2 protein chains.
Amino acid sequence: MPPRNHGPYTTESVDDYLKAILELGGLAEERVTSNALAQHLGVRAASVTGMLQKLAAQKPPFVKYEKHHGVRLTAAGKMRALEVLRHHRLLERFLHDFLDYSWDEVHDEAERLEHFISEQLEDRIAAKLGDPETDPHGHLIPERSGALPAREEVLLSKWACGVAAVISSVSDRDPAALREMTRLGLKPGVAITVETGTRNASLRVRIGERSDSVRLSQMLASGISVIAGPNGRARNLLADSHEANQAESRLP
Amino acid sequence: MPPRNHGPYTTESVDDYLKAILELGGLAEERVTSNALAQHLGVRAASVTGMLQKLAAQKPPFVKYEKHHGVRLTAAGKMRALEVLRHHRLLERFLHDFLDYSWDEVHDEAERLEHFISEQLEDRIAAKLGDPETDPHGHLIPERSGALPAREEVLLSKWACGVAAVISSVSDRDPAALREMTRLGLKPGVAITVETGTRNASLRVRIGERSDSVRLSQMLASGISVIAGPNGRARNLLADSHEANQAESRLP
DNA sequence: TTTAAGATTTAGTCATGCCTAAACTTATAG
DNA sequence: CTATAAGTTTAGGCATGACTAAATCTTAAA
Ligand SMILES: [Mn+2]
Ligand SMILES: [Mn+2]
Ligand SMILES: [Mn+2]
Ligand SMILES: [Mn+2]
């Protein structure tokens with residue numbers, strides 16, 4: 001049931017592939033491999049190849065595909081991916097703010113509905129919310145135009161010990177992890193500092209105004225992204241300086 | 001993407017077939033022919049046969065199907081049809097009351113989304129609306145249990161001339177017709193009386209408190225259902241006494 | 001440079017749902 | 001009691017989007 005918006009019609013599957021390519025390729029538009037897509041989408045690599053060939057072959061192609069070397073989105077493909085991402089995040093914000101969903105419940109519902117709401121409903125929801133900038137997990141909501149400001153976010157596990165940071169966003173994929181974060185007071189906007197010398201299976205952190213510290217599992221820490229803290233320390237003092245910029249905020 | 005609720009999983013197509021059977025068979029559960037379904041769903045009769053055979057064959061069957069003699073819903077099929085109908089009408093009420101949709105815009109959006117909202121979202125929407133009894137067009141919303149009170153509604157075109165009536169519901173299928181009704185002040189709850197002796201291509205009616213009368217096209221009149229008016233006249237004084245009870249309120 | 005492991009693509013299937021054309025029932029008029 | 005029209009089902013296909021198994025590239029180690 002395609003007739004949903006204006007542009008080239010897309011199916012739910014196509015939307016999912018485009019979103020996955022945007023997420024895995026990052027805003028930097030890097031090439032994405034079939035295998036990575038297969039894993040992310042939960043389908044076999046052979047299925048991915050088939051779909052990529054179709055997306056690359058259609059009238060206005062959604063991807064540029066080079067055999068054995070992965071794909072990247074075309075302008076049209078990126079536009080549609082950002083459109084779906086906007087739907088997802090607006091829906092999460094709406095479900096959370098207007099329909100009493102907790103932040104660990106919004107993702108699944110939004111993931112399903114994002115493919116089916118019309119541009120009109122998107123607009124009405126955005127208007128009702130006052131054009132919000134972020135979803136309940138701190139992720140930035142693309143504008144109608146597709147504009148999506150980049151933010152120098154870094155995974156907490158890559159952040160330097162002892163340097164004050166503020167949580168910018170958290171992964172919305174694991175409801176149990178989100179509930180655990182709620183219990184610990186971890187949410188976007190909260191200050192956090194990693195205690196020096198704790199970078200093994202778990203790390204100790206000081207959260208918000210509290211004087212005690214708690215131990216975070218690597219699992220939990222890997223779902224938290226941060227930006228420089230209020231005491232304005234330099235932002236590139238990263239723990240593992242190499243390949244530290246691959247955080248990219250877990251797209252959806 | 002089935003995993004939406006509890007019961008036997010259904011696809012969007014299956015939902016549409018079940019809804020169509022409920023609508024065409026009426027609450028009286030009459031058998032529905034392949035042809036009627038084909039026309040209603042906009043597919044070929046051969047496609048209908050194929051689907052009916054599948055629906056009748058599955059583990060807990062959704063329909064009882066007798067070759068060459070039409071189908072009727074089983075309890076499971078009726079339950080799912082009413083569930084989807086509840087989604088549709090709740091969504092219409094929600095879009096209308098909370099998201100500034102006009103009553104001629106709600107149908108298409110609801111028709112698409114009804115298949116994809118979770119039971120949780122259904123509940124939250126119902127709660128937010130205070131468990132409404134009708135949608136913006138006056139149609140009754142089935143309860144969560146599937147209960148749907150019957151109402152002795154009759155098409156305006158079958159109602160006796162000169163007998164006061166009240167609009168109970170209007171068809172939501174034609175946006176242009178709905179806008180025309182708005183212009184004329186025709187909506188659920190409004191009193192209406194057909195002037196005697198006007199039962200041809202169009203009929204003159206007196207609307208609400210107004211003293212003048214207007215001419216309604218058969219098109220418009222066929223989309224309006226009424227119940228006995230405030231001055232309590234008998235309800236079975238129907239114009240065309242035979243086959244007058246087939247009104248059944250245009251389900252979705 | 002060679003080669004094997006790993007990644008990727010091709011080939012051949014399958015399930016859904018729809019379509020057309022042809023065969024077949026049922027119901028109705030003579 | 002038939003013949004014919006109308007309604008319905010069967011047969012054979014097509015498009016999507018996934019899967020398995022087998023073939024083919026790439027790449028990196030030897
Ligand atoms: Mn999705
Ligand atoms: Mn989110
Ligand atoms: Mn539908
Ligand atoms: Mn309605």
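We name chains A, B, ... by the order of the sequence lines, and we start the count at 1 in each one. Please read these numbers as outputs of a predicted model, since none were measured by experiment.
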Phosphate OP1/OP2 of D:dA6: any B:Asn35 side-chain N/O under 4.0 Å: no
task: Consider the side chain of A:Thr11, meaning its heavy atoms from C-beta on, and name the nucleotide among C:dA11, C:dT16, D:dG17 that approaches it most closely.
output: D:dG17
- request: Would you mind telling me which of D:dT9, C:dC18, C:dT8 lies closest to the side-chain atoms of B:Met51?
  value: C:dC18
message: Quick check for you: among C:dT10, D:dA18, D:dT9, whose closest atom lies nearest to any side-chain atom of A:Ser13?
response: D:dA18
- prompt: What nucleic acid atoms does A:Ser47 come within less than 4.0 Å of, heavy atoms only: base, sugar-phosphate, or nothing?
  reply: base
task: Assign B:Thr49 to base, sugar-phosphate, or nothing according to its heavy-atom contacts below 4.0 angstrom with the strands shown.
output: base
ring-ring contact (aromatic ring centres under 6.0 Å, His included) partner of B:His107, the single match among B:His137, B:His139, B:His88, B:His96: B:His88
query: Any side-chain heavy atom of B:Leu129 within less than 4.5 Å of one from B:Phe98?
result: yes
- prompt: Which whole-number value in Å describes the distance from B:Leu55 CG to C:dG17 C1'?
  reply: 12 Å
query: To the nearest Å, how far apart are A:Asp16 CG and D:dT16 C1'?
result: 14 Å
field: Nearest-neighbour nucleotide for the A:Thr33 side chain, C:dT8, D:dT20, C:dT20 considered
entry: C:dT8
- prompt: Whole-Å distance between D:dA18 P and A:His40 NE2?
  reply: 14 Å
query: Where the side chain of A:Val43 is defined as all heavy atoms beyond and including C-beta, which of C:dC18, D:dG17, D:dC19 is the nearest nucleotide?
result: D:dC19
task: Could you tell me whether the side chain of A:Arg89 and the main chain of A:Leu140 form a donor-acceptor pair under 3.5 Å?
output: yes
- request: Send over the distance from B:His68 NE2 to C:dC24 P, rounded to a whole Å.
  value: 11 Å
field: Flag for A:Gln120-B:Glu105: side-chain donor and acceptor within less than 3.5 Å
entry: yes
- prompt: Charged N to carboxylate O below 4.0 Å: is that the case for B:Lys64 and B:Glu29?
  reply: no
- request: Output the single nucleotide from D:dA21, C:dG17, C:dA27 whose closest atom is nearest the side chain of B:His69.
  value: C:dA27
- prompt: Just to confirm, is there a sub-4.0 Å distance from OP1 or OP2 of D:dT10 to any side-chain nitrogen or oxygen of B:Gln53?
  reply: yes
message: Side chain of A:Lys54, heavy atoms from C-beta onward: which of C:dT8, C:dA11, D:dG17 has the nearest atom to it?
response: D:dG17
query: If we ignore angles and hydrogens, is there a donor and acceptor under 3.5 Å between the side chains of A:Thr33 and A:Asn35?
result: no
query: D:dT16 C1' sits how many Å from A:Asp15 CG, rounded?
result: 15 Å
message: Please confirm whether the shortest side-chain N or O distance from B:Lys67 to OP1 or OP2 of D:dT10 is below 4.0 Å.
response: yes
query: Within less than 4.0 Å of OP1 or OP2 of C:dT16, is there a side-chain N or O belonging to B:Tyr9?
result: no
- request: Report the distance from atom CD of A:Glu12 to atom C1' of C:dG17, rounded to the nearest whole Å.
  value: 16 Å
- prompt: Taking CD from A:Gln58 and P from D:dG17, how many angstroms apart are they, rounded to a whole number?
  reply: 10 Å
- line: Between B:Ser34 and A:Tyr17, the residue closer to the 5' end of DNA chain D by nearest nucleotide is B:Ser34
message: Can you tell me which nucleotide in C:dC19, C:dT9, C:dG17 comes closest to the side chain of B:Arg44?
response: C:dC19
B:Leu37 CG - C:dG17 P separation (whole Å): 15 Å
